[in-house]
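Just so it is clear: chains get the letters A, B, ... in the order the sequence lines come, proteins before strands, and each one is counted from 1.
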Protein chains: 2
Amino acid sequence: MTVTLADVAARARVSPATVSRVLNGNYPVAASTRERVLRAVDDLDYVLNGPASALAAATSDLVGILVNDIADPFFGIMAGAAQTEIGGPGDGSGRAGGEKLAIVCNTGGSPERELTYLTLLQRQRAAAVVLTGGAVEDPAHQAAMSAKLAKLADAGTRVVLCGRPPLPDSEAVVAALAFDNRGGGRRLTEHLLSLGHRRIGYVAGPLERTTTRHRLEGHRDAMRAAGLAGDEERLTVHGPYDRRSGYDATHELLRREPEVTAVVAANDTVALGASAAIRDRGLRIPEDISVAGFDDLPFSVDAVPALTTVRLPLFEAGARAGRLAMGKEKPPPGGIATIAAELMVRGSTAPPRVG
Amino acid sequence: MTVTLADVAARARVSPATVSRVLNGNYPVAASTRERVLRAVDDLDYVLNGPASALAAATSDLVGILVNDIADPFFGIMAGAAQTEIGGPGDGSGRAGGEKLAIVCNTGGSPERELTYLTLLQRQRAAAVVLTGGAVEDPAHQAAMSAKLAKLADAGTRVVLCGRPPLPDSEAVVAALAFDNRGGGRRLTEHLLSLGHRRIGYVAGPLERTTTRHRLEGHRDAMRAAGLAGDEERLTVHGPYDRRSGYDATHELLRREPEVTAVVAANDTVALGASAAIRDRGLRIPEDISVAGFDDLPFSVDAVPALTTVRLPLFEAGARAGRLAMGKEKPPPGGIATIAAELMVRGSTAPPRVG
DNA sequence: TCATCGATAGAAAGCGCTTGCTACGGGTGT
DNA sequence: ACACCCGTAGCAAGCGCTTTCTATCGATGA
C-alpha cells in the first residue's frame, strides 16, 4: 500500500486539507501544526500523488522541451540551459516554489512525432512547452502545429519557441526567439568573398527546414550582392544535419565542381564531415580549400585547423526560453526577438590559392 | 472549457464507460459503437486528461531517463537510443499500445538532483526509469538511491541502469548494463605501453564517480603489470568531464612532468582539450606526445589526427536499456550484463620519440 | 417454448488531492 | 462587556477517468 494524504493527516491529527496546505504552502498554517505535519510526512515517507494533485488542481508542473535530436549538442545545450532556468529539482531551495519538472522530448525531426508529443503534453496538462530548432515548412504540418499550439495555449500552457521562427499568425505563443540565421549566413559568405573566394560550395541541411532555408538564403544574398548569382543549384548539395551527410555531400560537390575554393557547411557537424572528405581527397585546409561551419559548437574551436563558423548563443537563448516559459522574464515586444549570430573567424578559412 | 469524456459520451450517445473502453481498447465494444465514439472524439477534438486517467488507473505511461549532462553526446546518444525503443510517439502505429512517453531528465551530475528527479518520477507513478552514466560513490547517497529505487520498484516502476555499475544489494533493479570501463582503460594503456611509452599522464574525471575510478583502475592495472607503478599520483590530474578541464589539466600535467610522452584522457571531450593544450605548448601529436580518449564519440574520428580511443556501444546499450525498461527484452542472467569496450587505434597515438 | 449464455452497454463507486466555504476562538475597538 | 475580525482548521464537493458489477437483448440448445 502506498501512503496517502489521509494517512499523513491521521498521523498528524489534522485534516487532509491541512496537510495539503502545508505541502503547498499557499495558505496560512500555524507553525506548530506545520511542524507536526512535516514530521508525519517524513515518518511515513509520504510522496505526493502527482496525477491526483494535477487532476484536482487542474495543472501540472511539467514543462516539455521538444528537440529534434537529443544526441546533437546543438539541442543539448539549449535544452540543458532551459532546464536550468525551469528549475527541475535542486536549482535552489528544494522544498517550495515555482519549481517545475523539465522533461525533454526527442522528436527526431519528425513532424508527426512533434505533434504527438505536443498531444501528450497536452494530455499531461503541461505548464509550458519550449520548442527548439527549426520548423518543417510543410503547410499542412504548420497548420496542424498552429492549431495544436493554440489549443495548448487555451488550456493555459505557455508556449515558447527557441531558435525557431515565429509562427505565421499565432497569438498562442508567449514568445519566439529566432536566430538570425540569414544574417549569419550572409556574413559568413561575405567573409569568404572578402578573402577572395568566388567559387563557393554549399553543403546544406534538409530541404524543408526553415533553418536550412534561412542560412542558405543568407549565403545566396551575399553571393548575389557580389554579382555571383547563377550557379547556385550546382554548388549546393542538401542532406541531413550530420557528419556523414557532410562527408558524402562534399565528395559529391567536389566531383561536380573541382574548382571550388571554399565549402560552407550547414552546421559545424556537417563541416567536420566536409573537412574529412576534403582531406581524403588529398587537399589541405585552408590552403587548398577553406571550410566554414555554423553554430560554433564546443568542438569547433578544437578542430584542426580551428573552424571558422557563426556563433549562436545557444546557452543564453535556451536559458532565456526557460525563463520565458516560467514567466520569470518579460516577453520581448511583439513576442518576437531575433538573436544575433556572430561571425567567428578562425583557421579553417584563408584566401584561395592564386591561379 | 476543455472537452471531457462525458462530452464525448453525450455526443456519441453512449455512456462514459463505453468511451473509455473504446479509447483503451481493452474491452469488447461493438464496431458500430466504436465508430460512433471515434467520430465524436474527432469532432470534439477530445484529448484524454492524463492526470485523471493516471489517477484512476493507478499507472502512467511516463518513462524517465536520467542523464548527467544532456549537452554531452555521450548521454544524448544513449538517451536517444532508449527513447527509440520506449516508443514515445510515432515509432509505429500511433493509436494503440505499449507506447510510452519517454522523458529525459538532466541531473547535471548532482546527486541531489538525481534523487529529486527520482522522487518526481515516483510522484508521477512512472512506468519505468532508466539511469544512465556513472554513479557517485558517496555512501550516504548510494544508500539513499538504493532506498529510493526500492520504493520505485515497489510501486511497480521498472528500473534499469545503463552504463552504470549494479547497485550493491538491489533486487529493485530490472537490469544493470555496465560498461567494461576497467577493461577498456587497461587495453588502452596496454596499447600505449606496447608502443613503447613509459611516462604516461592521465587526465581523469571527477574523483567520486565510478566511471572515473574504473577507467583509472584499468590504466593503473596495466601500468603495474608493466612494472611501472609508483608515480601514479603525480601523473594523474582530476577534473570534470569537459573540454576546458582537459585543457587545464594537461597544462598542469606537463608542467609537473615535462617528460610525459603520452596523455590518456578520461573521455574524448577531455582528450580534445588535452590536444589543444599540447598544441599550445608547441608540441605535435603524435610525434611529440600521443593522446588517447575514451567513448569514441562521433567527432573523435574527425579529430586531427584521428583520436585513438575506446569504443563504447552507446547506441546499442541505450536501445537495450529501453527495451529492458519496456519489458520487451529478457533481462540478462542475474540482471547484470557487462558491455564490452573496444580499443580503436587511430592516428593520435604513435611510438614515443627515441631518446 | 423457456431457461441459458455470450456479447455489449450502463450505473456508480471510487482513485488521492485541492479548495471554496463554514466554523471556531481569542484579541480588539468602543 | 458586546459585536467584530483575523487567524486557523475542517467539511465536503468535486477534478475526469477507470472498472467492477449489474442489466439488457438477441441467439442458442434442449
Roughly how many Å is it from CZ in B:R123 to C1' in C:dG16, rounded to a whole number? 13 Å
If the condition is side-chain contact (heavy atoms from CB on, under 4.5 Å), which residues does B:N68 pass it with, not counting sequence neighbours? B:F75, B:T107, B:R209
Go along nucleotides 6-13 of chain D 5' to 3' and tag each nucleotide: B for a protein heavy atom under 4.0 Å from its base, S when only backbone or sugar atoms are that close, - otherwise. --BBBB--
Contacts under 3.5 angstrom, residues 151-159 of chain A side chains, donor-acceptor by atom type, not counting sequence neighbours:
| residue | atom | partner | partner atom | Å |
| --- | --- | --- | --- | --- |
| A:K151 | NZ | B:D45 | OD2 | 2.7 |
| A:T157 | OG1 | A:A126 | O | 2.7 |
| A:R158 | NE | A:L324 | O | 3.4 |
| A:R158 | NE | A:A325 | O | 3.1 |
| A:R158 | NH2 | A:L324 | O | 3.0 |

Length of the CG-C1' vector between B:L5 and D:dC15, whole Å: 13 Å
Can you tell me the distance, in whole Å, between the CG atom of A:N49 and the C1' atom of D:dG16? 14 Å
For B:T59, enumerate each residue passing the side-chain contact (heavy atoms from CB on, under 4.5 Å) test, keeping only those at least two apart in sequence or located in another chain. B:A57
Closest to the A:A57 side chain, choosing from D:dT18, D:dC15, C:dT19: C:dT19
According to side-chain hydrogen bond (donor to acceptor under 3.5 Å, both in side chains), does anything in residues 18-30 of chain B pair up with another residue at least two apart or in another chain? List the pairs. B:S15-B:T18, B:S20-B:N24
From CG of A:L55 across to C1' of C:dT19 the rounded distance in Å is 13 Å
Have a look at A:N26 and say if it touches a base, only the backbone sugar-phosphate, or nothing, with a 4.0 Å heavy-atom cut-off. sugar-phosphate
Between atom CG in B:N24 and atom P in D:dT19, what is the gap in whole Å? 7 Å
B:R13: which residues meet the side-chain contact (heavy atoms from CB on, under 4.5 Å) condition with it, sequence neighbours left out? B:R36
For B:G133, does its backbone N or O pair with a side-chain atom of B:R164 as donor and acceptor, under 3.5 Å? yes
Which nucleotide in C:dT18, C:dC15, D:dT18 has an atom nearest any side-chain atom of A:L48: C:dT18
Quick one: B:R125 CZ to C:dC15 P, roughly how many Å, whole number? 14 Å
